[in-house]
Amino acid sequence: MAKNKKQEQLDQFRKSHEGEPMTTNNGTKVSEDELTLTAGERGPSLLEDFHFREKIMHFDHERIPERVVHARGFGAHGEFQVYEDLSEYTSADFLTNPDKVTPVFVRISTVQGSKGSPDTVRDVRGFATKFYTDEGIFDLVGNDIPVFFIQDAIKFPDLIHAVKPEPDTETPQGGTAHDTFWDFFAENPETSHTAVWAMSDRGIPKNIRQIEGFGVHTYRLVNAQGEAFFVKFHWRPVHGLESLVWDEAQILQGKDIDFHRKDLHESIEKGDYPAWELGLQILREDQEFDFDFDLLDPTKIWPEDEVPVKVVGKMTLNRNVDNVFDEIEQVAFHPGHVVPGIDFSNDPLLQGRLFSYTDTQISRLGGPNFNQIPINRPVNKVRNNQRDAMHQMNIHEGQTSYHKNALEGNCPFTSSKAEGGYVHYPEKVEGHKIRKRSDSFKDYYSQAKLYLNSLTKPEFAHTVDGFSFEIGKCKSMDVRQRAVNQLNKIDRELAERVADNVGVQVPEENEEVKSDKKDSQLTMEKYDRPLPGHSVAVLVNGDIDAETLKNYAKTFAEHGLNYAFVGKQQKDLSDDISINETYDTAHATLFDSLVILSDGNGLIPDAEEFAALSYKHKKPIIFNEAASKDLQDGKVKLDAPGIFVSDDPQTIVKAFDQVRYWDRA
Ligand code: HDE
């Protein structure tokens with residue numbers, strides 16, 4: 001078969017490392033790597049075998065503790081460029097100079113599951129971006145859902161204990177469909193808003209190229225004159241926003257546990273670079289109390305119809321990592337990594353995070369020098385008087401390691417704001433030391449209702465299904481009842497339908513939020529979904545000639561579509577056309593759409609099954625004339641929305657008019 005890109009990379013790698021002998025970690029050339037040193041052919045192993053001891057010792061310590069949350073993640077390198085000079089709002093150099101290209105590293109993760117859990121679980125996705133700016137590192141450590149489950153960082157361990165597998169059975173892995181999570185939901189009503197997002201299609205993204213990202217908290221931008229603005233950060237996917245169907249997501253967990261990471265990796269390899277635009281919602285400080293929610297409350301969005309998003313720049317991921325452990329596993333994000341011009345608000349969740357992220361790296365990365373690991377190093381020079389400690393990578397020269405000193409000319413010295421030194425925004429703060437939540441944080445339901453009101457009918461129906469699945473999996477009927485009681489405080493229809501599905505009573509009194517307020521930017525339908533990057537499975541049923549397939553291949557390439565020709569066996573049909581997948585290696589859930597070509601001698605059962613599943617998951621399907629006549633099993637209705645009969649490869653453009661035909665029965 002034709003040489004693929006992977007093979008070319010391997011050849012190149014081999015060439016560049018030709019002639020490099022194996023050595024120990026101390027540089028001694030190794031003469032034997034398969035046999036331990038023994039006393040005689042059948043005798044005991046010898047302790048003096050330093051190569052054996054070093055090799056095993058290193059292997060024994062290959063694992064480091066996985067992240068306590070967000071353990072499973074994938075990432076890539078890229079670059080960010082601002083469209084316009086934002087110096088009206090911020091002094092941050094990377095946001096004020098449209099000519100500057102800032103390197104970035106992004107890690108996208110699930111929250112609940114362990115490192116080996118499947119990609120397509122229902123969960124919030126972490127969306128963490130490291131900007132290597134000339135003024136130091138700025139980490140935007142956000143999620144793909146704009147709000148969070150809790151309002152105060154002190155509750156985070158409780159939330160996570162409730163979310164994670166239950167301690168007596170260590171189940172479920174990679175999911176919140178269990179008693180402790182829904183018990184937490186029922187007893188902590190501040191979770192309501194984030195829960196409706198997570199149970200909607202947002203909880204099951206189709207891939208990690210097509211998710212939104214949010215900084216979640218209110219941050220501050222500060223300009224060179226010292227004027228501050230409240231800001232919320234948004235990432236808007238250039239390729240649009242798409243979700244899986246829950247049944248499809250569950251099948252994918254078995255068919256391809258790595259579905260999301262492979263998609264990200266492959267799209268970068270192909271040059272179809274994932275990209276997001278950076279959006280800002282900006283408010284002046286004097287607007288702080290203009291809203292019916294508190295700007296400091298992380299369970300609230302700023303509805304975009306009230307505070308529009310200003311699109312200010314673009315991030316493109318254009319380089320895969322060389323080594324997942326070295327880069328994706330060892331990257332250490334921290335919301336406290338900020339540069340001059342970006343500052344914090346008093347959001348109590350954000351304030352707590354500022355402690356957690358450096359603290360956690362000490363057990364995960366083994367000491368306080370984690371900033372010296374290559375992926376974590378800033379691009380500008382680091383100089384201070386911190387010394388020693390585990391895994392010190394630098395050799396510090398000079399006599400002094402204290403400030404102030406005269407022996408070395410008081411180097412390194414501090415810088416004023418005008419010289420680029422970070423000066424915290426001098427917000428005036430006064431008050432009593434208390435443990436009390438502000439009353440302005442206590443409306444838990446209005447924005448959950450706003451979200452539900454803003455969904456399309458199919459999106460609302462999927463949300464009902466999401467809640468019904470998760471609450472229905474709870475063993476305790478009491479938990480189910482209390483969870484539905486909470487839903488009754490958000491939306492009566494949701495509560496009624498879920499109660500019905502999970503076998504509990506909807507409360508007699510309708511306590512729903514009385515509001516039909518909507519926000520036009522909450523539905524996933526608001527985005528265009530450009531054709532490039534979507535995938536097509538072409539089932540080659542019977543005798544179809546290479547020329548016909550070549551025409552399809554040409555059309556797909558023209559439109560930037562990924563495709564596979566699927567048949568009973570892998571084989572070459574010509575020099576450049578092969579059946580490259582079989583019914584064993586390909587599956588309907590792995591593709592966005594389907595073309596079925598038949599020679600008119602009947603469809604094999606595998607093809608019928610493929611079509612039935614794509615049909616169930618509302619994907620566009622094109623039959624050639626012969627295939628449409630061959631259809632037997634009756635599961636696919638040719639007159640249903642999104643089903644096309646045509647021999648013209650260009651029909652694919654029309655078929656992708658919708659990526660899911662939700663109105664298909
Ligand atoms: Fe995190 N979070 N978090 N978190 N979080 C971590 O840091 C924490 C929160 C988020 O790809 C940990 O390095 C606390 C909100 C992402 O490496 C830990 C609280 C948001 C990632 C931690 C929160 C996030 C983490 C675990 C409540 C969205 C993965 C490993 C105050 C705005 C970053 C690590 C990566 C990771 C603590 C809440 C996003 C333990 C205490 C809200 C994307 O430090």
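Both counts, for ligands and for their atoms, begin at 1 and track the order of listing.
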(request) Examine Y451 together with W197 and report whether their ring centres are nearer than 6.0 Å. (result) yes
(request) Please confirm whether F230 and W302 have ring centers closer than 6.0 angstrom. (result) no
(message) Against the six-membered ring of W182, is R482 placed for a cation-pi contact (under 6.0 Å from the centre, within 45° of the normal)?
(response) no
(request) With ring-ring contact (aromatic ring centres under 6.0 Å, His included) as the test, would you mind laying out the steps for F333 and Y357 before giving the verdict? (result) CA-CA 7 Å; F333 292 99; Y357 287 71; 9.1 Å; no
(request) Ignoring hydrogens and angles, tell me if any N or O in the side chain of T360 forms a donor-acceptor pair with the backbone of S356 under 3.5 Å. (result) no
(request) State which residues pass side chain to side chain contact (heavy atoms under 4.5 Å, CB included) with S520; sequence neighbours excluded, sorted by chain then number. (result) D305
(request) Write out the protein residues near ligand 1, meaning a non-hydrogen atom under 4.0 Å from one of its atoms, in order of chain and number. (result) R67, V68, V69, H70, R107, G126, F127, V141, G142, N143, F148, A153, F156, G215, V216, H217, F333, L349, R353, S356, Y357, T360, Q361
